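This structure is a prediction, so every number in the text was calculated from the model and none was measured.
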Amino acid sequence: MLRYLPFFVAALVNLVANVSGIKELIVLSKPLLMPALVLAVFLLFPRPRNRAFWLLLIALFWGWLGDIALLFPGFWFVVGLLFFLCGQIVYSVLFGKMIQKHRPPWWAICGYAVWFLMLLLIVGPHAGGLLIPLVCYGLSLVVMGTLASGCRPSVAAGAAFFVLSDSVIALDKFLPGFVLPQAGAIIMATYLTAQALIAAGVLRELSDAKETL
């Protein structure tokens with residue numbers, strides 16, 4: 001647990017900054033979040049470091065770039081969306097490797113499909129020129145979440161938190177009249193929970209696999 005301490009500290013600072021609306025502290029703390037989680041992964045990942053290790057790090061790297069891009073307004077939202085899309089693709093590849101002996105449950109497939117259609121019906125009419133990027137990113141979330149549902153519970157939960165976080169972003173950005181108190185703090189809390197659960201689940205999966213060798 002102590003190896004996650006830098007991540008927990010950075011996450012706490014960022015959440016406090018979001019709740020209190022201290023923009024300068026948000027800008028300072030946000031770029032530190034994924035590097036702090038990467039540090040924990042390096043310290044906890046069982047050797048030898050295999051392909052799964054690098055896939056996890058690459059996904060977190062794309063998340064880091066997305067975090068930085070979303071600090072800026074306008075065009076940078078699309079850039080951040082592209083970075084997170086790359087991260088979802090990498091996660092999908094990683095989860096696909098982890099479920100070779102299992103299949104995602106039918107309820108997860110149906111659930112993510114229904115979520116995507118509902119979100120598209122709600123925010124699609126208001127997305128304007130961002131509709132196609134939004135659809136592409138939503139589909140990547142469906143694939144990632146579905147594959148994660150066939151992995152251990154912490155990974156599946158992490159994927160679900162990722163979907164929840166991005167759903168709040170979509171509603172907050174595109175749906176007229178949508179007001180959620182502390183939306184920024186909720187988005188970051190669910191996003192950080194997602195990344196931490198996924199990283200911890202992947203580490204546990206690889207540790208268990210090593211013990212069975």
Q: Distance only, no hydrogens: is a donor on one side chain within 3.5 Å (strictly under) of an acceptor on the other, for Ser167 and Trp115?
A: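 Side-chain D/A pair, Ser167 to Trp115: present.
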
Q: Nearest 0.5 Å, what's the CE-CD1 distance between Met34 and Ile68?
A: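 It is 11.0 Å, given to the nearest 0.5 Å.
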
Q: Start with the C-alpha distance between Ile186 and Asn18, add both sets of side-chain angles, then the distance that settles side-chain contact (heavy atoms from CB on, under 4.5 Å), and finish with yes or no.
A: CA-CA 9 Å; Ile186 293 172; Asn18 273 280; over 6 Å; no

Q: Once you round to the nearest 0.5 Å, how far does CG of Leu25 lie from OG of Ser20?
A: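 Those atoms lie 7.0 Å apart.
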
Q: Are the side chains of Leu171 and Ile122 in contact, using a 4.5 Å heavy-atom criterion?
A: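 Side-chain contact under 4.5 Å: yes.
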
Q: Using modelled atom types and a 3.5 Å cut-off, is there a donor and acceptor pairing between side-chain atoms of Asn50 and backbone atoms of Phe53?
A: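 Yes, the answer is positive, given that a donor and an acceptor are paired below the 3.5 Å cut-off.
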
Q: If you round to the nearest 0.5 Å, how far is OG1 of Thr146 from CD1 of Ile109?
A: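 Result: 6.0 Å between the selected atoms.
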
Q: Answer whether the closest heavy-atom distance between the side chains of Lys173 and Phe178 falls below 4.5 Å.
A: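 No, every pair of side-chain atoms sits at 4.5 Å or beyond.
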
Q: Just wondering, are more than 12 heavy atoms of other shown residues or ligands nearer than 6.0 Å to CZ in Phe161?
A: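 Count not over threshold, so no.
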
Q: For Leu56, run the side-chain contact (heavy atoms from CB on, under 4.5 Å) check against Val90, Val202, Leu37 and tell me which one passes.
A: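 So the option named by the test is Val202.
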
Q: Would you mind reporting whether Phe84 and Leu70 have side-chain heavy atoms less than 4.5 Å apart?
A: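 Yes, their side chains come closer than 4.5 Å.
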
Q: When you compare the side chain of Asp166 with that of Leu141, does any pair of heavy atoms fall below 4.5 Å?
A: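 A side-chain contact exists here, since the closest heavy-atom pair is under 4.5 Å.
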
Q: Leu28 and Val9: same hydrophobic cluster, using ILVMFWY side-chain contacts below 4.5 Å?
A: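 Different clusters: Leu28 never reaches Val9 through Ile, Leu, Val, Met, Phe, Trp or Tyr contacts under 4.5 Å.
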
Q: Would you say the rings of Phe77 and Phe72 are close, in the sense that their centroids are separated by under 6.0 Å?
A: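 No - the distance between ring centres of Phe72 and Phe77 does not fall below the 6.0 Å cut-off.
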
Q: Of all the heavy-atom pairs spanning Pro31 and Ile26, show the shortest one and how long it is.
A: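 Closest approach of Pro31 to Ile26, heavy atoms only: CD-O, 4.4 Å.
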
Q: State whether a side-chain donor-acceptor pair under 3.5 Å links Asp67 with Tyr191.
A: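 Short answer, yes.
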
Q: Find out whether Val168 and Thr190 are in side-chain contact, i.e. whether some heavy atom of one side chain is under 4.5 Å from a heavy atom of the other.
A: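 Side-chain contact under 4.5 Å: no.
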
Q: For a quick test of reading the model, state the closest non-hydrogen atom pair linking Ala156 to Ser149 and the distance between them.
A: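 Smallest heavy-atom distance, with atoms named: CB-CA, 3.9 Å.
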
Q: Side-chain contact, heavy-atom cut-off 4.5 Å: Leu33 with Met188?
A: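 Side-chain contact under 4.5 Å: yes.
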
Q: For residues Ala185 and Val19, report the shortest heavy-atom separation together with the two atoms involved.
A: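 Taking every non-hydrogen atom into account, CB-CG2, 3.7 Å.
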
Q: Quick check: Phe61 with Phe83 (ring centres under 6.0 Å apart)?
A: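 Not close enough - the centres of the two rings lie 6.0 Å or further apart.
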
Q: Do Glu205 and Val155 have side chains that get closer than 4.5 Å, going by heavy atoms?
A: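 A side-chain contact under 4.5 Å is absent here.
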
Q: Should the pair Tyr91 and Phe95 be assigned to parallel (<30°), tilted (30 to 60°) or perpendicular (>60°) ring geometry?
A: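 Taking Phe95 first and then Tyr91, their aromatic rings lie parallel (interplane angle under 30°).
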
Q: Is there a donor-acceptor pair closer than 3.5 Å between any side-chain N or O of Ser140 and the backbone N or O of Gln88?
A: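 No: the side chain of Ser140 does not pair with the backbone of Gln88.
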
Q: Does the side chain of Met144 come within less than 4.5 Å of Ile89's, by heavy atoms?
A: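 Sidechains of Met144 and Ile89: no contact.
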
Q: Supply the atom-to-atom distance Met98 CE to Leu55 CG, rounded to the nearest 0.5 angstrom.
A: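 With rounding to 0.5 Å, CE (Met98) is 11.0 Å from CG (Leu55).
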
Q: Identify the two heavy atoms, one from Leu203 and one from Tyr4, that lie closest to each other, and give their separation to 0.1 Å.
A: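 Minimum heavy-atom contact is CD1-OH, 3.6 Å.
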
Q: I need the single residue from Leu81, Leu82, Leu130 that forms a side-chain contact (heavy atoms from CB on, under 4.5 Å) with Tyr137. Which is it?
A: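 For Tyr137, the side-chain contact (heavy atoms from CB on, under 4.5 Å) check succeeds only for Leu81.
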
Q: Which residues end up grouped with Leu43 if you chain together Ile, Leu, Val, Met, Phe, Trp and Tyr wherever their side-chain heavy atoms are less than 4.5 Å apart?
A: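 Its cluster mates, by chain and number, are Leu39.
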
Q: Walk me through it: do Arg51 and Val93 pass the test side-chain contact (heavy atoms from CB on, under 4.5 Å)?
A: CA-CA 11 Å; Arg51 186 184 177 192; Val93 174; 4.2 Å; yes

Q: Testing the basics here: between Phe174 and His126, what is the closest heavy-atom pair and its distance to 0.1 Å?
A: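 Scanning both residues completely, I find the closest heavy atoms to be O-CB, 3.1 Å.
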
Q: Hey, does the side chain of Asn14 reach the backbone of Ala10 with a donor-acceptor pair shorter than 3.5 angstrom?
A: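 Side chain of Asn14 to backbone of Ala10, a donor-acceptor pair under 3.5 Å: no, none is there.
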
Q: Please report the shortest heavy-atom distance between Ala52 and Phe45, naming the atom on each side.
A: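 Smallest heavy-atom distance, with atoms named: C-CZ, 4.3 Å.
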
